[in-house]
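Note that the numbering runs from 1 along the sequence shown for the chain.
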Amino acid sequence: MADIISLGIDTGGTYTDAVLFSASRGVIAKAKALTTRHDLSEGISGAADAALAAAKIDSREIRLVSLSTTLATNALVEGQGQRAALVMIGFGEEDLARDGLGEAAKSGPVVFLPGGHDVHGRETPLQTEALEQVLPQLAQEVSAFAVAGYFAVRNPSHELRVRDLIVEKTGLPVTCSHELSSKLGGPRRALTTLLNARLVGMIGRLVGACESYLASRNIAAPLMVVRGDGALISASEARLRPIETILSGPAASLAGAQFLTGLDSAVVSDIGGTTTDVAILENGRPKLDPDGALVGGHRTMVEAVAMRTYGLGGDSEVRIDLSGLVARIELGPRRVLPLSLIGHRFPEIVIPALEKQLGSVHAQRHEGLFAIRTGLPDSMAAGLSAQEAALYARITLEPQPLTQLLTAAPQKSALDRLAARGLAHICGITPSDALHVQGRQGQWNAAAARLGLDLAARQKGGNGKPIGDSAEDLAARIVQRLTRQSSHAILEACLTDDGETGIEPAKSRAIARALDRQPGVVRFSLALDRPLIGLGASAPVYYPAIAEELSAPAVIPDHADVANAIGAVAGQIRETVTVFVTSPEEGIFLLNGSGETLRFVSEAEALDAARARAMEHARALAARSGLSEPHVEIEEEADAAEIEGKRKLVEARVRAVASGRPRVAD
């Protein structure tokens, strides 16, 4: 059998990784390049070309390409994404108070329309006049639409009519809630749909960048994308359902961790530039979250690994609280560009600016901070306020010191909002800079890192003393803080898995005493019951100390720096379709979901039709993702009541799962 070579690519917040892999030889070659958010193809080509050069193989030998990413996860953690309008059919304003929908919808307009269906798929007439009146204005203010209809999973016809209207009038992308989940719970389904709409542009650019690279290198292999549950979908499906790629990178890293270590039981913690992802391996498989993926405080309806994602990474913002007698250091959740990185890219700008600030007798507001445009298309800046637009116009593709850029206090809030929209980067000190000062990282500009930490160290706390004796002193405290916050994150994830949801490790004095090994009449200690697998480029630096705090064996495998890319090529396609049979009255059975509502007078006939529809739709979805002959399994659940000695069907759920390995290029 011919050796099938696959290319795995993982696009993270800071680095893009590429791995050439085959089942017979394992990892053939690997490489990294900086993720270039203004043009993602640069990072992809840099990493993939370097891996191809190291392997000395012809790009045309690649038979399958699989992509994982943390971009969607990072965007939700950081509150980023394009501006989207939410259209609610059959809902009222009071529904915004449920499931965090109102908080998520604050950044964009919401339109309420009469309509929707009941639990049996019967309709309330749809009225679209209110939407038609505002569509011309919305087309200028937003980049995408989300449409959620009342009980649309039972009858999606109103969502489809509204989608067609929006596309006809605006040409903008539209996400319908029934396309993302078959579960009941309208507000949470609307939340998931809104988040999906915000991510369409970002994931579309990523897929497009990867497709452009493959075409330029004559790679004719199918392109797959890792979903949040570890399964693969085609690139075309990922464009339509980008929300399914949240936790894509972490899901791929779990598959990579299991492959690299052979461990069936472990805690896996993956530290990247923006986030730390923690999950549990049990019996050789990652645990899935039965309630849907929780990312950035949003509980979605996306089936994904039971992964806890924290805004903590090598590029986390170092926040220094000077209000107390002793300054406190906290990291994240926002990602900023490290000074060492922008000092590496723009030494002629960054180094003199930092030296000038350090030479000043008096500390200035915002010293050590810069701003730079991300390079996104101007269309992504739709809906900016006058103040935001004026500031955005002054930010360039080269870093500018905030001491010069910001001339009034309110402008800092405007800059924060631009950063949240992904239109600008804020640059400042990070744990990566601390490691450069310590000499434990050296790929960027250590001089810029040292100048930034010198500036931060001279700040004075409530006791009137500088918060650090030197850059080295502050660097050690930043690294210690990352170790402790990582321990808290891992403990929180593990305690949640154990069902202990009321314990907050960061606020528990008992846990602090245990981690600090403090003596006392009552001795507190804690330990994980399994090894801690550390993943990420900086895993060898951080995880030995973290594992020691948690009294767990540390396992940092070879290729831990590219585990996501390895896991990306190890997955399968898996598509799930659920249809429903309900009985609204004696002797009547309605089939709902994945098509028009059908009426039967026999329960057996309704269930047979449900099985046939679920299997047909699952096969069709699998085919769209490149799986022509899937293995299909049927699962059934039924809720029934006993009324006067007779069985009364309440609801039956018929689920079809189509799975298999994606086809490879000839």
Exercise. Are any non-hydrogen side-chain atoms of S66 and V226 less than 4.5 angstrom apart?
Worked result: yes

For this session: Hey, could you give me each pair passing salt bridge (charged side-chain N to carboxylate O under 4.0 Å, His left out) that has a residue in residues 465-477? Not counting sequence neighbours.
Result: R450-E472

For this session: For T276, enumerate each residue passing the side chain to side chain donor-acceptor pair (under 3.5 Å) test, keeping only those at least two apart in sequence or located in another chain.
Result: none

Exercise. Considering residues at least two apart in sequence or located in another chain, which fulfil the salt bridge (charged side-chain N to carboxylate O under 4.0 Å, His left out) criterion with D516?
Worked result: R484

Exercise. Is it true that a side-chain atom of D433 and a backbone atom of P338 form a donor plus acceptor pair closer than 3.5 Å?
Worked result: no

Exercise. What residues form a side chain to side chain donor-acceptor pair (under 3.5 Å) with S269, not counting sequence neighbours?
Worked result: Y543

For this session: For F259, enumerate each residue passing the ring pair (Phe, Tyr, Trp, His ring centres under 6.0 Å) test, keeping only those at least two apart in sequence or located in another chain.
Result: F21

Problem set entry | D264/Q258 under side-chain contact (heavy atoms from CB on, under 4.5 Å): CA gap, chis, key distance, verdict | CA-CA 7 Å; D264 290 336; Q258 207 282 327; 3.0 Å; yes

For this session: State which residues pass side chain to side chain donor-acceptor pair (under 3.5 Å) with T35; sequence neighbours excluded, sorted by chain then number.
Result: T16

Problem set entry | Side-chain donor or acceptor of T36 paired with backbone N/O of G43 under 3.5 Å | yes

Exercise. Would you find a donor on one side and an acceptor on the other, under 3.5 Å apart, between the side chain of R661 and the backbone of L627?
Worked result: no

Exercise. With E635, which residues qualify under salt bridge (charged side-chain N to carboxylate O under 4.0 Å, His left out), at least two apart?
Worked result: R655

Exercise. Hey, is the main chain of T69 close enough, under 3.5 Å, to the side chain of S248 for a donor-acceptor pair?
Worked result: yes

Problem set entry | Check: A257 main-chain N/O paired with T261 side-chain donor or acceptor under 3.5 Å | yes

For this session: Say whether S68 and N564, considering side chains only, have a donor N or O and an acceptor N or O under 3.5 Å apart.
Result: no

For this session: Under the side chain to side chain donor-acceptor pair (under 3.5 Å) rule, collect the residues that match up with Y542, sequence neighbours excluded.
Result: none

Exercise. Is K30 salt-bridged to D561, cutoff N-O under 4.0 Å?
Worked result: yes

Exercise. Are the side chain of T430 and the backbone of S316 linked by a donor-acceptor contact shorter than 3.5 Å?
Worked result: no

For this session: May I have the step-by-step check of side-chain hydrogen bond (donor to acceptor under 3.5 Å, both in side chains) for N445 and S340, ending in yes or no?
Result: CA-CA 5 Å; N445 191 315; S340 51; over 6 Å; no

Problem set entry | Electrostatic pair D277:R308 at N-O distance under 4.0 angstrom | no

For this session: Among residues two or more places apart or on two chains, list those pairs meeting salt bridge (charged side-chain N to carboxylate O under 4.0 Å, His left out) that have a residue in residues 436-447.
Result: none

For this session: Salt-bridge test for E575 and R227: reply yes if a basic N is under 4.0 Å from a carboxylate O, no otherwise.
Result: yes

Which donor-acceptor pairs under 3.5 Å do side chains of residues 518-541 form with protein atoms, sequence neighbours excluded?
from, atom 1, to, atom 2, distance (Å)
R530, NH1, S265, OG, 3.2
R530, NH1, L281, O, 3.3
R530, NH1, E282, OE1, 3.3

Exercise. Can you list the steps and then say if S487 with E549 is a side-chain hydrogen bond (donor to acceptor under 3.5 Å, both in side chains)?
Worked result: CA-CA 7 Å; S487 295; E549 275 201 346; 2.6 Å; yes

Exercise. Does A489 offer a backbone N or O that forms a donor-acceptor pair with the side chain of Y310 under 3.5 Å?
Worked result: yes

For this session: Report yes if some heavy atom in the side chain of I478 is under 4.5 Å from a heavy atom in the side chain of L331; otherwise report no.
Result: yes

Exercise. Under a 4.5 Å cut-off applied to non-hydrogen side-chain atoms, are M202 and L206 in contact?
Worked result: no

Exercise. By salt bridge (charged side-chain N to carboxylate O under 4.0 Å, His left out), which residues pair with R458, not counting sequence neighbours?
Worked result: E367

Problem set entry | Pairwise distance CG(L435) to CD(Q441) - rounded to 0.5 angstrom | 4.5 Å

For this session: State whether the side chain of H631 and the backbone N or O of A658 hold a donor-acceptor pair below 3.5 Å, judged by distance alone.
Result: no

For this session: Please confirm whether the backbone N or O of A456 pairs with a side-chain atom of Q459, one donor and one acceptor, at under 3.5 Å?
Result: yes

Problem set entry | Whether N196 side chain and I243 backbone form a donor-acceptor pair below 3.5 Å | yes

Problem set entry | Pairing of R481 and E330 as salt bridge, 4.0 angstrom limit | yes

For this session: Name all residues meeting the salt bridge (charged side-chain N to carboxylate O under 4.0 Å, His left out) criterion together with D17; count only those two or more places apart in sequence or in a different chain, and write none if there are none.
Result: K32

